[in-house]
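Here the structure is a predicted model, which is why all the values come from computation and not from measurement.
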Amino acid sequence: MRFLSAVIAAVLMSGCLAACGNEIQDNKDVTADLDLLTADEDITDEETTEEEVVTPVPEEEETKDEVKSFKEVKIKAAELKYKKSEKTYQAEKGKLSGTAAEASKRKGYEGSGYVSGISQEGDWELEFDVPTDQFYNIVLTVGSDEAASGGFSLDGSKYSEFTVVNEDNEGRFENISFKNVKLKKGKHKVAFIPETGLVDIDQVKVIASDEISKLSLNATGAVLSDKEAEYNAKALYRLICNNYGTRVLLAQNDTAGTNYESELIHSVTGKYPAIRLGDMMYVTSTKYADQSAAEISEALTWHKDGGLVGYMWNWTSPNKPDDSESVYAENAKFDITKAVTDESIALLDPDTLAEMAEEGTISDECLKIINDIDKVSEQLIKLRDDGVPVLWRPLQEASNGMYWWGKDADSYIWLWQTMYARMTGYHGLHNLVWVWSAQNVNWYVGGDYCDVLSADVYGSDKSGQVNALLYLQNVAGGKPIAMSECDRMPLIQNLADEHAMWAYIGQWGGSCMVNEEGGLSEEFNTEKDLITMYNNDLTITREKLPDLMTMATEIKKEEEKAAKNKSKKAKEKEKSED
C-alpha cells in the first residue's frame with residue numbers, strides 16, 4: 001500500500017470534486033420526481049439491518065507480511081412475496097398537537113377535512129397497519145399555496161424529503177409517492193417534518209407494491225452502440241451484461257495518479273475492486289496537467305494486473321487559460337450554448353476547424369470544445385494501443401445544473417453526440433464502453449450513443465437504491481444499469497433483498513474512504529461492511545475476473561463462425577433460386 005504523504009491533498013480534493021449529495025431528478029411531474037428520491041431510505045426488516053449482516057471470519061491470523069484472507073459468505077435474499085393490499089387513512093384521524101388542527105377551506109379534500117398548521121414534526125402523527133412483510137408504496141396527499149418542502153418521517157426516522165411544486169398557484173392537493181418502502185407486518189407511524197412554506201396533509205395511502213417481486217434484470221441481448229467496437233470492448237461489455245442482475249462488479253474511484261483507495265480496500269478486505277475508476281480532468285486542466293502521465297501509467301498497470309479500467313471526465317471549462325477555469329457552472333465563464341452548431345464538425349481535422357472558426361462558420365467556443373476532446377482522446381489512444389477497453393463516463397450529472405455542460409438538455413445532447421462521433425469516427429477509439437449518467441431521463445442521449453446507464457447516489461443510507469434503478473430501467477431498453485458513484489455502498493444483503501443487482505457499484509474516493517491519517521474512514525462505510533461486501537458470492541472483485549483476452553478471442557471466433565454460416569446460407573439460397 002502506498003504511503004499518503006504527498007498525495008493527501010489530492011485525495012481530499014478528489015473526494016470533494018464530484019457533486020456529492022446530488023439526487024436523481026425527473027422534471028416531468030411531481031409524483032414521478034419523488035418516486036426517485038434516494039436519500040435517507042430506511043430498511044425496516046430486522047433481518048437485513050446493518051447490525052445483522054454477517055461478517056466473514058478470517059481464515060487465519062494475519063501476520064505482518066500476509067494479506068488478509070476471509071471466508072466467502074453466501075448471501076440469500078429474503079423471501080418477501082407480494083400480497084395485494086391497499087388502505088387509505090385520513091390525516092385528520094391522526095394524532096394532532098401543537099399548532100396542527102383540522103381544516104376544511106382548501107378544495108378537493110376527502111374525508112371530513114385535512115390537517116393544517118403543522119409547524120414541527122411532533123404536531124401530526126398517523127399510525128397505520130400493514131398485513132404482511134413486503135414492499136409498499138406510501139402516498140401522501142398534500143397541498144400548499146406556495147412552493148414548499150418538508151420531510152417524510154417513518155417510525156421516528158426521517159425517510160426522505162419532498163417538495164410541493166404548486167405550479168399553477170391554485171393550491172390543489174397533489175400526490176407525493178414514496179415507492180417500494182420495505183415494511184414488516186404490524187403497526188407503523190408516519191409524520192411530516194416541515195421545512196419551508198406551509199403544507200396541508202389530506203390523507204395517506206399505503207399500497208402493496210409488486211415491482212420488486214416482478215423485477216428481473218437481464219442484459220444478455222445488449223450490443224455495443226459502436227458497430228466497429230474492438231473485441232476487447234465487446235468482451236468487457238459481455239462480462240458486464242452476463243452478470244447484470246445476478247452479480248455486482250465492485251468499482252473504486254482512485255485518487256489521480258495513484259491506486260491509493262484500491263490498495264486501502266485490499267489491506268482491509270484482502271480483495272481488490274474489479275474496476276479502477278479514474279478521472280481525465282488532469283488532461284485538459286492547466287493546473288494539474290502533470291497528473292496525466294501518472295494516471296495513465298496506473299491504469300495500464302491495473303489492466304496488466306487483471307483489473308478493469310473506467311474513466312470519468314470532470315471537464316474544466318474550455319475557456320483556458322482563463323482564470324475562471326472550472327467544472328462548475330457558477331465559476332466557469334463558458335457558455336455551452338455558444339458552442340452548438342449545425343455544421344458537421346466531428347470528423348474534420350484541426351486545421352479545417354481552425355479555419356472555420358476564423359471565418360466565423362463555427363464559434364471559438366466550438367473550436368475549444370473540439371480541442372479538449374482531442375486532448376483527452378490522445379490519452380485514451382494510449383490505452384487503446386495497449387489493448388485496454390475503457391468504461392468511459394463523460395459529462396456526469398448534467399441535469400442538476402451544477403456543471404457548465406448542464407445548461408440545457410439540447411446543448412448537452414449535442415455535446416455528447418459530437419464527442420461520441422469524434423472519438424469513435426475521427427480518433428478511432430473503438431475500445432470504449434460509453435456510460436451515461438446525466439441523472440434525468442429527459443436528458444437521455446439515446447441507445448445509439450451509450451451502452452450503460454448509471455446513477456450517482458449520495459446522501460443515502462445503505463439500502464439497495466432500487467427506485468433509482470427502476471427509474472433508469474424505464475429508458476434503458478435492455479442495457480445494463482450501474483451505480484457509478486456513491487458516498488456509501490449499499491449492504492450486499494439489501495441489494496439481494498431488493499433485487500437491485502446493479503451492473504457495478506462505484507464507491508467514491510477521497511474523504512469518502514480515507515481519513516486524515518491516511519487510513520480507512522468509517523464515516524460512510526465501516527470496516528465490517530467493506531469486508532462483507534468484498535467477501536461474498538454475489539459481488540465480483542478483481543480476483544474473480546475472467547481473462548478478457550480469452551473472452552475477446554472467443555467472441556471473434558463466434559462472429560467469424562456466424563459470418564461464415566451466414567455466407568454459406570446466402571450462397572445456398574442463391575443457388576436454390578437459380
Side-chain angles (χ1 to χ4, degrees), residues 9-25 253-257 277-292 295 310-340 364-377 379-380 391-409 411-416 418-420 423 434-440 443 445 454-459 484-487 506 508-512:
V11 171
L12 298 178
M13 181 274 291
S14 174
C16 296
L17 186 58
C20 294
N22 292 325
E23 296 171 347
I24 298 176
Q25 300 175 18
N253 287 274
D254 274 319
T255 296
L277 300 174
D279 194 339
M280 282 289 175
M281 180 186 76
Y282 304 95
V283 176
T284 54
S285 169
T286 59
K287 300 176 182 178
Y288 305 104
D290 57 339
Q291 294 285 344
S292 176
E295 179 56 35
Y311 273 103
M312 66 185 297
W313 182 12
N314 267 296
W315 188 349
T316 52
S317 49
N319 52 318
K320 294 175 277 286
D322 194 298
D323 290 338
S324 64
E325 172 188 330
S326 175
V327 299
Y328 298 112
E330 64 179 359
N331 299 325
K333 296 177 182 177
F334 186 83
D335 187 348
I336 178 60
T337 62
K338 293 181 178 179
V340 178
D364 288 338
E365 288 84 358
C366 182
L367 180 62
K368 289 177 179 179
I369 286 281
I370 298 298
N371 287 343
D372 273 5
I373 292 174
D374 289 349
K375 290 177 183 177
V376 168
S377 296
Q379 301 304 313
L380 291 171
L391 283 164
W392 176 234
R393 186 175 72 97
L395 308 179
Q396 82 279 0
E397 300 177 19
S399 64
N400 62 28
M402 181 174 288
Y403 302 106
W404 62 261
W405 54 83
K407 188 169 184 178
D408 65 87
S411 299
Y412 161 80
I413 292 172
W414 170 85
L415 178 57
W416 179 285
T418 299
M419 181 190 299
Y420 185 102
M423 284 187 165
W434 290 74
V435 182
W436 174 84
S437 65
Q439 305 287 92
N440 187 318
W443 293 54
V445 295
S454 71
D456 294 356
V457 182
Y458 285 92
S484 41
E485 293 180 28
C486 60
D487 51 357
W508 192 248
S511 57
C512 288

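- Looking at heavy atoms from C-beta onward, Met423 lies in side-chain contact with Ile373 at the 4.5 angstrom threshold.
- Checked options Pro394, Ser484, Ser399; the residue passing with Ser437 is Ser484 (criterion: side chain to side chain contact (heavy atoms under 4.5 Å, CB included)).
- Taking all atoms of both residues into account, the shortest heavy-atom contact from Gly406 to Trp443 is O-CH2, 3.5 Å.
- Proximity of Asn371 to Thr284: side-chain heavy atoms (C-beta onward) are nowhere separated by under 4.5 Å.
- Side chain of Asn331 to backbone of Tyr328: no donor-acceptor contact under 3.5 angstrom is found.
- Two residues are said to be in side-chain contact when any heavy atoms from C-beta on lie closer than 4.5 Å; Ile369 and Thr418 fail this criterion.
- Going from atom CG of Asn319 over to atom CG of Asp372 covers 9.5 Å, rounded to the nearest 0.5 Å.
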(message) side-chain contact (heavy atoms from CB on, under 4.5 Å), that's the test. Do Ile370 and Asp374 meet it? Break it down for me.
(response) CA-CA 6 Å; Ile370 298 298; Asp374 289 349; 3.9 Å; yes

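- Asp364 is linked by a salt bridge (Lys or Arg N to Asp or Glu O under 4.0 Å) to nothing, counting only residues two or more places apart in sequence or in another chain.
- The aromatic rings of Trp392 and Trp434 lie perpendicular to each other, with more than 60° between the two planes, well past the 30° mark.
- You'll find the side chain of Leu380 reaches within 4.5 Å of the side chain of Met280, heavy atoms only.
- Going from atom CH2 of Trp414 over to atom OG1 of Thr337 covers 10.5 Å, rounded to the nearest 0.5 Å.
- Taking both residues in full, the closest heavy atoms of Gly506 and Leu277 are given as CA-CD1, 4.0 Å, listed atom of the first, atom of the second, then distance.
- Scanning all heavy atoms of the two residues, the minimum distance from Met281 to Trp313 falls at N-CD1, 3.9 Å.
- The shortest side-chain heavy-atom distance between Asp335 and Lys407 falls under the 4.5 Å cut-off.
- A distance of 11.0 Å separates OG1 of Thr316 from CZ of Phe334, quoted to the nearest 0.5 Å.
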(request) Decide yes or no on side-chain contact (heavy atoms from CB on, under 4.5 Å) for Gln396 and Asn314, but give the supporting numbers first. (result) CA-CA 8 Å; Gln396 82 279 0; Asn314 267 296; 2.8 Å; yes

(request) Please step through side-chain hydrogen bond (donor to acceptor under 3.5 Å, both in side chains) for the pair Tyr311 and Gln379, ending with a clear verdict. (result) CA-CA 11 Å; Tyr311 273 103; Gln379 301 304 313; over 6 Å; no

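- Using a distance-only test at 3.5 Å, with no hydrogens or angles considered, a donor-acceptor pair links the side chain of Ser454 to the main chain of Trp436.
- Within the 4.5 Å cutoff, side-chain heavy atoms of Leu395 are placed close to those of Met419.
- Trp508 has its side chain out of reach of Asp487: every pair of non-hydrogen atoms, C-beta onward, lies at least 4.5 Å apart.
- For the atom pair Ile336 CD1 and Ser317 OG, the distance stands at 11.0 Å (nearest 0.5 Å).
- Every residue was checked against the salt bridge (Lys or Arg N to Asp or Glu O under 4.0 Å) condition with Lys333, not counting sequence neighbours, and none meets it.
- Here the CD-CZ distance, from Glu485 to Arg393, works out to 4.5 Å after rounding to the nearest 0.5 Å.
- With respect to Trp315, the ring-ring contact (aromatic ring centres under 6.0 Å, His included) criterion is satisfied by exactly one of Trp405, Tyr403, Trp404: Trp404.
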